[in-house]
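Notes follow the structure.
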Amino acid sequence: MRVVFGNWKYLFKNLWYVLPCGIVPAVFLALCFDYTATAEYVRSFFAGNPRADFVQLFRVWSLVRIDSVLGGIYAVFAFFCVGFFAAFLVSLVEKHVRIGKRTLNGAGKQLGSVVFSVFCIVLLYTMVAELWALVISAVTFAISSLASDVLVYLLALAAFAVIAFLFLYLVEVFFLWLPCMQATGFRPYDAFLYSYRLSMKVRWRLVLAHAMSLLAFVVLVGGSAFLPEIVSRIVAFGVYLFLFTGFFVRMETVYYEADKLDREDLIKSYREL
């Protein structure tokens, strides 16, 4: 179960070391949360009307706000903040698990060597997330044309489960690519091939871990749509804070687990020197 919960154990054990890296990204991700569209859809869904138009559904699931120019600006800032702070976070965590010392010294130098790769990974996952939003919105909208409300509910939930599984599997395919490039120094293509072989060992446990995170996001952020907007955005901030940090910490901890590398943050062999 270290693959599923190891990142959360590391995060809570080193809370004040890694959690600050997620504050700024979480602020902008929470601002990208389209409260109006989500509140209207969730309240209507639980009030007995599961139907919505395609644009509203896309606004619910997309990370990029399309309701206003300001929303688009928030999305741009969110992208760059996620990329920069994710690069800093993986630099800190990789140094900690590699040498066992939890310090900021040297993290800046490593940041420069990984920032481009991190931005590429963030762009890749942003594209995957938007493709997810497009597909789930299109399928749900098509299902909503059916006459029976019961059938719409059942098929919408089934479609969500199936599409979520497919996209979580896609997330898993690229999940160890970044830490593999970071730890081995391989070229991107070679690192991808090696990381993919490693991920095959932990594939279904990774999918389970991602599924649990997605479920927590849907329940907490979706449930907060019944609350006033300011409260809902605070809830979204908290959820994004832990999911952002946990996602990139999981990359590092799962990579070391899959590649059977010693984690110096656990064995602390430097103390014997």
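Numbers here are sequence positions counted from 1. As the structure is a computational prediction, the values presented were derived from the model and not from experiment.
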Assign the ring pair [X] / [Y] to parallel, tilted or perpendicular, where the plane angle (0 to 90°) is split at 30° and 60°.
X      : Y      : result
Trp204 : Phe165 : parallel
Phe242 : Trp8   : tilted
Tyr74  : Phe28  : tilted

Has the side chain of [X] got a donor or acceptor atom that lies under 3.5 Å from a matching backbone atom of [Y]?
X      : Y      : value
Gln182 : Val90  : yes
Asn14  : Tyr10  : yes
Arg43  : Ala225 : yes

Practice problem: Would you check if Glu94 and Pro179 make a side-chain contact, meaning some heavy-atom pair closer than 4.5 Å? | Solution: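 No - every pair of side-chain heavy atoms lies 4.5 Å or more apart.
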
Practice problem: Mind checking the OG-CD1 spacing from Ser224 to Ile234? Nearest 0.5 Å is all I need. | Solution: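 CD1 of Ile234 is found 10.5 Å from OG of Ser224.
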
Examine [X] together with [Y] and report whether their ring centres are nearer than 6.0 Å.
X      : Y      : result
Tyr153 : Phe45  : yes
Trp61  : Tyr41  : no
Tyr255 : Tyr194 : no
Phe84  : Phe119 : no
Phe247 : Tyr125 : yes

Quiz item: Under 4.5 Å between side-chain heavy atoms, hopping through other hydrophobics if needed: is there a path connecting Leu266 to Phe12?
Solution: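 In one cluster: no.
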
Quiz item: Any salt bridge (charged side-chain N to carboxylate O under 4.0 Å, His left out) pairs touching residues 208-236, not counting sequence neighbours?
Solution: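 Those involving residues 208-236 are Glu229-Arg233.
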
Practice problem: Might you work through the side-chain hydrogen bond (donor to acceptor under 3.5 Å, both in side chains) test for Arg203 and Tyr169, ending with a clear yes or no? | Solution: CA-CA 8 Å; Arg203 173 169 298 166; Tyr169 185 87; 3.0 Å; yes

Quiz item: Taking only residues two or more places apart in sequence, or in another chain, which ones meet Val152 in a side-chain contact (heavy atoms from CB on, under 4.5 Å)?
Solution: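 Val152 satisfies side-chain contact (heavy atoms from CB on, under 4.5 Å) with Pro50, Arg51, Ile143, Leu146 once adjacent residues are dropped.
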
